[in-house]
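Chain letters run A, B, ... following the sequence lines, proteins first and then strands; every chain starts at 1.
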2 protein chains.
Amino acid sequence: MGKTKPTKKPRGRATVRGIAAAAGVSIGSVSSVLNNRHVERRIAPETVEKIRAAAAGLGYLPNISAKRLRSGGKNNVVLALVTSFEAPIPLVNHFIIALRAAMAAGKFPQAEGAFSVMIEMFPAGRLHELPGLLTGDHFNAAILLNTTAEDDAFLNRSPLPYPVVLVNRLIAGYAAVVEAPETGSRAAEILIRAKRRRLAVIHGSPLTQTTRARVNGFMHRGAELLGRPAHEVMAGKLSETAGYDAMRAFLKRGPEIDGLYAVSDALALGAYRALKEHGLKIPSDVAVVGVGDYEISPFFDPPLTSVGVSHQALAEEASRLLLQQLGGVGAARPTVTVPLTETLRASSGHRAG
Amino acid sequence: MGKTKPTKKPRGRATVRGIAAAAGVSIGSVSSVLNNRHVERRIAPETVEKIRAAAAGLGYLPNISAKRLRSGGKNNVVLALVTSFEAPIPLVNHFIIALRAAMAAGKFPQAEGAFSVMIEMFPAGRLHELPGLLTGDHFNAAILLNTTAEDDAFLNRSPLPYPVVLVNRLIAGYAAVVEAPETGSRAAEILIRAKRRRLAVIHGSPLTQTTRARVNGFMHRGAELLGRPAHEVMAGKLSETAGYDAMRAFLKRGPEIDGLYAVSDALALGAYRALKEHGLKIPSDVAVVGVGDYEISPFFDPPLTSVGVSHQALAEEASRLLLQQLGGVGAARPTVTVPLTETLRASSGHRAG
DNA sequence: ATCAGATGCTAAATCGTTTTTGCAGATCAA
DNA sequence: TTGATCTGCAAAAACGATTTAGCATCTGAT
């Protein structure tokens, strides 16, 4: 009938072509109607209806890539936050705000301040299955969070063809932002300065690069200063419930402690409850030190002393690093160590901050 | 020289064309080199170097839209989470997980299970400035969170040309997910069942649609059952600090209360501290009810009783609704009310859950 | 009957990229 | 010297959309 071009088979997703074929018009008319330009473009009302019906019938969804390409908007720089499903991302807004701030501050002027942020999530250990990761089809640069050992091995095998910043992970050939390595030892020092001698550390299992560094630093410095090893309390995960369960079991087993280091504030909060239930007072019986990864740790009861890097600092540094690499200053892949913030609060016997 | 085509001016961002012109080769060769296909494509080593140098010199960044368009991957459905900078997004992972689950469950088969998620943030009240919002250039569908009254007015004026789901907001012509309206009244009932008679509610300022509904429901039901109005404690924001400050000032002013409703768990936590500092015990002196928007509220001391909708339920319902609209079942723009979850814990005198 | 202006649509150009095809020149074997 | 094979690259097609230019046909006025 009215076919004007060698019509393609309508396989796959509906496109303007498919609609045009179905309605017996040209793709130009289809586009005009779908963007509500049919008045200026003088499309007849009944044609408009035909096209709308065809689009609805085919379940048309525009191809965003084609739209963006064509309409050539300038904010075509796409940054990605890549994290695993299993890990929470309380950091997301920190990152977006930090990226935006870094852009506004004129790092990476090419983007003209405009960029898009995608979130890509993958099942732990399956980073390699993430579409577009290897081809670079989905984003111009990425911040990688919460990778597992398998993911790290994959990254090590196959370098990604765009700028990447790892957070709390070190892999050769990649830029990274990590917390200062003396977190654990500083925690030990805080407790020891507070006259604690029988120390314990509570951590998750398995240990990550970061939590292992914290535990090791703590154990090492504690043994060094006290000549005696600290107890190790092993929780299943880094959650409150896991911390509570592990701490409860530990206390029931009998060892007496007067100082506790938690490698996450979630564990600290869980331990709080176990300690209180066991009749122990914080800090008079047991002083507690966390890492400050919960924004509400000042409102724990008692407020939690912590030493660690703030999510905000981490996010700012990672953003800076990412844009710097995008700016393309050669092949610099620096590792940036974010300095520690020590916040002394009541949980270690200090005056509430 | 070796110019083969009427070379375009190199204005704007560098493209393969620009690199080709700079290196004196064709764009095909440029593309081959940039994608590390130069071996199979038999590009001479010195040409490879020339192209790499030109690309680096021009600060080349590929246009992601063009890449995706060309390489035609099937996951071209783009969903957006749109929220304001000011509001936290602890919900992000809930939404992504829920969207993924809904996709996997076979809602919206067109996408073949693959889709991308973008996060778009805007300054409160400036939703209308978000690039791509009106044209639909950036995503196929969106979930809108944390809009202000101005933003809502804008949405009301200019209907968006793609499926949208509003969260905790009602605007004519848009699908929405809201919490059940009886949150506030249920909170009042919990406190009154716990034999509390002198009630107060603590809330932020300005009130949002949702928090206003909570406050109104609470006040109304409280007055109805007790024949006496509840006190209103007004905090600046929905933060712990604001809650603490407001509650402290209120207690200092003298009114005695025995039941408190907090329209956010953050306010509840801030109020906890003010109450304790004032020598009041929870729940014996003052029972507290929150809304359950903090995952760690079971680990408050004492654990917080709450009535509200979980972020997870909200996210699941919003995702379902979004995909349903994408599936395009006509122009259905339903408003879905998410049922309440009531969790009785120690803060209202119940046994810890 | 003729021309001007509407009206309604098609065709083509374009966005930036990748891949396929093809062509010229060099190298090699006989 | 003549094919055959290899090298190195250019040209063109394609992805899916939007916009512009242009071509018929119709309407109404003269």
Does [X] reach the main-chain N or O of [Y] with its side chain, forming a donor-acceptor pair under 3.5 Å?
X	Y	value
B:Glu120	B:Ala80	no
B:Ser29	B:Val25	no
A:Asp151	A:Arg126	yes
A:Tyr174	A:Asn156	no
A:Gln325	A:Val164	yes

Side chain of A:Ser26 only, heavy atoms from C-beta on: which candidate in D:dC15, C:dC15, C:dT10 is closest?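 Within the option list, the nearest is C:dT10.
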Heavy atoms from C-beta onward define the side chain here; which of C:dT10, D:dA14, D:dA17 lies closest to that of A:Ser29?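 Nearest to the side-chain atoms of A:Ser29, counting from C-beta on, is C:dT10.
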If you assign A:Ser32 and B:Ala66 each to the DNA chain D nucleotide with the nearest heavy atom, which residue ends up on the more 5' nucleotide?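 Its nucleotide being nearer the 5' end, the pick is B:Ala66.
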Is the B:Phe139 to B:Tyr162 ring centre distance short of 6.0 Å?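 That pair passes the under 6.0 Å test.
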Strand contacts (DNA chain C) in residues 33-57 of chain A, 4.0 angstrom heavy-atom criterion: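 Within residues 33-57 of chain A, the residues near DNA chain C are A:Arg41, A:Arg42, A:Ile43, A:Ala44, A:Thr47.
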Presence of A:Lys67 side-chain N/O under 4.0 Å of D:dT18 phosphate oxygens OP1/OP2: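 Yes, within the criterion.
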Could you tell me how far apart [X] ([atom1]) and [N] ([atom2]) are, to the nearest whole angstrom?
X	N	atom1	atom2	value
B:Ile27	C:dT14	CD1	P	14 Å
A:Leu69	D:dT19	CG	P	13 Å
B:Asn76	D:dA17	CG	C1'	12 Å
B:Arg17	C:dT17	CZ	P	9 Å
A:Arg70	D:dT19	CZ	P	6 Å

Counting the atoms with a prime plus P, OP1 and OP2 as sugar-phosphate, which does A:Ser31 contact under 4.0 Å by heavy atoms, base, sugar-phosphate, or nothing?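 The residue A:Ser31 makes base contact.
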